[in-house]
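To keep things clear, I will list the structure first and then write my remarks on it.
Numbers restart at 1 for each chain; the letters A, B, ... are given by sequence-line order, proteins then strands.
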There are 2 protein chains.
Amino acid sequence: MTPRPRATYSMIAKEAGVSEATVSRVLNGDSRVDGDRAKSVLDVVERLGYRKHRAATALASGRTNLIAVVIDNDLSIFSDPFWGTVTSGISRVLMENELQTLLLVTSVSSIDGPVAHYLQAGEVDGAIFFQLHKDALVRKLAKTGLPIVIAGSPHAATDFVFVDTDNFGGGHAATKHLVNRGCKKVAIITGDIETVAGHQRLDGYHQAYRELGRVPAKALTAYGDYSYESGKREMARLLADQSDIDGVFACNDLMALGAIAAIEERGLTVPNDVAVIGFDDSVVAQTSRPGLTSVRQDIVALGEAAAELMIAQLRNEPVEPRILPTQLVIRASA
Amino acid sequence: MTPRPRATYSMIAKEAGVSEATVSRVLNGDSRVDGDRAKSVLDVVERLGYRKHRAATALASGRTNLIAVVIDNDLSIFSDPFWGTVTSGISRVLMENELQTLLLVTSVSSIDGPVAHYLQAGEVDGAIFFQLHKDALVRKLAKTGLPIVIAGSPHAATDFVFVDTDNFGGGHAATKHLVNRGCKKVAIITGDIETVAGHQRLDGYHQAYRELGRVPAKALTAYGDYSYESGKREMARLLADQSDIDGVFACNDLMALGAIAAIEERGLTVPNDVAVIGFDDSVVAQTSRPGLTSVRQDIVALGEAAAELMIAQLRNEPVEPRILPTQLVIRASA
DNA sequence: AAACCTTGTGAAATCGGTTTCACGTTCACG
DNA sequence: CGTGAACGTGAAACCGATTTCACAAGGTTT
């Protein structure tokens, strides 16, 4: 029951009758070791239930097997299930590849904060960032050669490796669906337009109009901030302005629910008077009444893709940004 | 711009004109070092922007400064914002205390899996587990002396350190509130009754009845599983059985919404015919219509408390389990 | 048959801290 | 004053792996 003392190379070497160097070679897949010796080393390793000591390995090799997942807690971390879900996907894939997930929840804003130092100090082999407004820090880190993946699109002019949902396609599909079901005047309530994701959804909306040979009136675009309240407020404003709006694409589910509330408060019904589509297909979309039609994004897959891109970078394999498809989930609201 | 080579003890020692041992003493708060020398060491440290090398420190000292957060992905990780929120609280507090959060999303079920080995191998200084059904693994780890904290109550007969929401008090307050607003026949839809949390909420319900000098009929207890569907199904069943139920406490918000759906499908209204209370005060409670009265638990605080208990253990300070209060948030549904 | 590669191997240095140990110094006390 | 305790200090061992380097053995080229 007493936990036997940790096995070390020196014990293995002695048991197997070889040198520590050979043990290291075997365990790191150096092909030059004689077959029989390799086998006997592996036997001893097996018998002793040996596992490498992380710190020792890191110190000697310079590789930590740690990947940082950096989450800016300036954002609405505390209520949004998004990041937790992505992170679980990341963690699973990393673990399958013998990498560990180091979670850094912190204010990323400062380019010179403790996180910055930490990441530069070679304490991790790579870092996965969630979408952020300021990418100065990321850019600086990239210069040091630290492998980086961004979950969510970075700002336009960079060449970071990133994974993202197809926001454009989602916005396009949502708008198209509204048009196809007969809506004549489709409005949009955007999310934070400062973020790339927010902008891309709007672009998708525009594109759908363009394909009809039309251009959406400026007045049909309302600017929300992803909150329930903003959805409600903007919808009320839209309807007060143009009572003949018969469809609305809200850039997330919460705003969609807010919009529905505003519509019903005006005595109109969903979807008969105004059809509503949200984005995310979160739990609120599934449980709201009427059920909310929404653009589903596969958040776990997003995390997994991020991890895969990180691993590819560590292996010096070529990497391409990855855009994951969305799927329109049709419920009662549109 | 070239990242200057990492500073080391030997550089600091030379610069400050002392030995490496003294540098170590200064940096680890050994009080015996002469004041002036200490100062000069600190000056050099400052000037060089020195930071300790984690792996080296871990190797030499046997302490890793890493705390594992172990999440069982057998659970409904992927949609539940709960764990992500707790984890962010944990991470913040740990970071403030110079500890890092190592995230392990994995199947904890096996007592002999890779995680088990990992945790036993001294790779982390402590582990925080989320509530789990089987605590065999945790018990085994505890025997090795690894500091452990459980987020959520462990099974009854153990003496693990844990933090939890006051499930009993929450269930009690919810039931009491229904009674106080005039409900004569209050039902409950439980969550997974196998979990301690699930059971405690039910106990709170019972206690409220007891204080009225009554015992709730067996038929008023319906067993759900925290899903929207189970809430809807059980509520329908309850009403089919006993149409005079006028209040229901659902053990989470999702089931509460399901219950509301069932109630309205029957042609009844909330809260006039049946008042409904949920648990969690999650985003769905805030955005549903009618607004859902719910028992709020402070999830971030839960994580922070977990981290604090871990830190106390690492310092060998005495630790007591911590039960965090709940708060009834009253909206339209009850 | 001399000169030159391979290939497989172990001794030893190395990574960057921590900790033990032994050696002065200084100080208090008898 | 002599003596033991307390204090500061640096040399060196140590943590557990990786990696360099030297070398022996066997195989190829001229």
Side-chain angles (χ1 to χ4, degrees), chain A residues 3-42 44-45 48-66 98 117-118 120-125, chain B residues 3-42 44-45 48-66 98 117-118 120-125:
Chain A
R4 57 187 161 194
R6 207 170 210 307
T8 66
Y9 270 21
S10 85
M11 297 169 59
I12 297 175
K14 194 184 294 177
E15 285 281 310
V18 301
S19 72
E20 298 186 23
T22 296
V23 175
S24 175
R25 290 184 185 113
V26 172
L27 264 41
N28 291 307
D30 187 320
S31 59
R32 293 176 313 203
V33 181
D34 175 81
D36 287 345
R37 286 166 174 244
K39 172 121 181 35
S40 82
V41 168
L42 288 175
V44 177
V45 163
L48 267 47
Y50 171 80
R51 340 217 83 208
K52 279 189 196 177
H53 186 106
R54 239 171 218 300
T57 306
L59 180 56
S61 72
R63 264 167 286 108
T64 61
N65 285 339
L66 249 43
E98 325 229 300
H117 284 296
Y118 189 76
Q120 282 174 92
E123 309 278 359
V124 296
D125 289 350
Chain B
R4 56 186 163 197
R6 212 172 205 308
T8 66
Y9 270 20
S10 83
M11 297 169 60
I12 297 175
K14 194 183 297 177
E15 285 280 310
V18 300
S19 72
E20 297 186 22
T22 295
V23 175
S24 175
R25 290 184 184 112
V26 172
L27 264 41
N28 291 306
D30 187 321
S31 58
R32 294 175 312 202
V33 181
D34 174 82
D36 287 344
R37 286 166 172 245
K39 172 119 182 34
S40 82
V41 167
L42 289 175
V44 176
V45 163
L48 266 47
Y50 171 81
R51 344 216 81 208
K52 279 190 196 176
H53 186 107
R54 230 165 230 299
T57 306
L59 179 57
S61 71
R63 266 167 285 107
T64 61
N65 285 339
L66 249 42
E98 323 229 303
H117 284 296
Y118 189 75
Q120 282 174 89
E123 309 277 358
V124 297
D125 290 350

In whole angstroms, the gap separating P of C:dG10 from NZ of A:Lys14 amounts to 15 Å
Inset, instruction - Could you tell me whether the side chain of A:Thr8 reaches within less than 4.5 Å of the side chain of A:Met11, counting heavy atoms only? - result: yes
When B:Val33, B:Asp34, B:Ile12 are each screened for side-chain contact (heavy atoms from CB on, under 4.5 Å) with B:Thr22, the one that passes is B:Val33
Less than 4.5 Å apart, side chain to side chain, heavy atoms only: is that true for A:Glu123 and A:Leu66?
no
From CG of A:Asp30 across to P of C:dT9 the rounded distance in Å is 10 Å
Rounded to whole Å, the OH-C1' distance (A:Tyr9 to D:dT19) equals 12 Å
Which is true for B:Thr57 with a 4.0 Å heavy-atom rule: it touches a base, it touches only sugar-phosphate, or it touches nothing?
sugar-phosphate
Would you say the side chain of A:Val45 lies within less than 4.5 Å of the side chain of A:Val26, judging by non-hydrogen atoms? no
From the candidates C:dG8, C:dG16, D:dT9, the one with an atom nearest any side-chain atom of B:Leu59 is C:dG16
Assign each of B:Thr22 and A:Ser61 the nucleotide of DNA chain C bearing its closest heavy atom; nearer the 5' end lies the nucleotide of A:Ser61
* Asked: Counting any heavy atom closer than 4.0 Å, what does B:Arg54 reach on the DNA or RNA strands: base, sugar-phosphate only, or nothing?
  -> nothing
message = Need one value for B:Val18: base, sugar-phosphate or nothing, where a base atom within 4.0 Å counts as base even if backbone is also close, heavy atoms only.
response = sugar-phosphate
message: Check this one for me: any side-chain N or O of A:Tyr50 less than 4.0 Å away from OP1 or OP2 of D:dA17?
response: yes
Here the distance between atom C1' of C:dG16 and atom NZ of B:Lys52, to the nearest Å, is 11 Å
Taken to the nearest whole Å, NE2/B:His53 to P/C:dT18 is 12 Å
Exercise for review: Select base, sugar-phosphate, or nothing to describe what A:Arg37 touches, counting heavy atoms under 4.0 Å on all strands.
Suggested key: sugar-phosphate
Taking for A:Ser24 and for B:Asp34 the nucleotide of DNA chain D with the nearest heavy atom, the one nearer the 5' end belongs to B:Asp34
Atom CZ of B:Arg6 and atom C1' of C:dG17 are separated, to the nearest Å, by 11 Å
- Look at the side chain of B:Arg25 against the base of D:dG10 and say whether a donor-acceptor pair falls under 3.5 Å; ignore hydrogens and angles. yes
Reckon B:Arg32 has a side-chain N or O less than 4.0 Å from the OP1 or OP2 of D:dG10? no
Regarding the side chain of B:Ala60, the nearest nucleotide among C:dT9, D:dA11, D:dC15 is D:dC15
*Hey, does B:Glu98 have a side-chain heavy atom less than 4.5 Å from the side chain of B:Asn65?*
no
From CE of B:Met11 across to C1' of C:dG17 the rounded distance in Å is 15 Å
Closest to the side chain of A:Ala56, out of C:dG8, D:dT18, D:dG16, is D:dG16
Point to revise | Distance-only polar pair, side chains of A:Asn28 and A:Lys52, donor-acceptor under 3.5 Å | key: yes
Q: Quick one: label A:Thr8 by what it contacts on the DNA or RNA (base, sugar-phosphate, nothing), any heavy atom closer than 4.0 Å.
A: sugar-phosphate
B:Arg51 CZ to C:dG17 C1', in whole Å, measures 16 Å
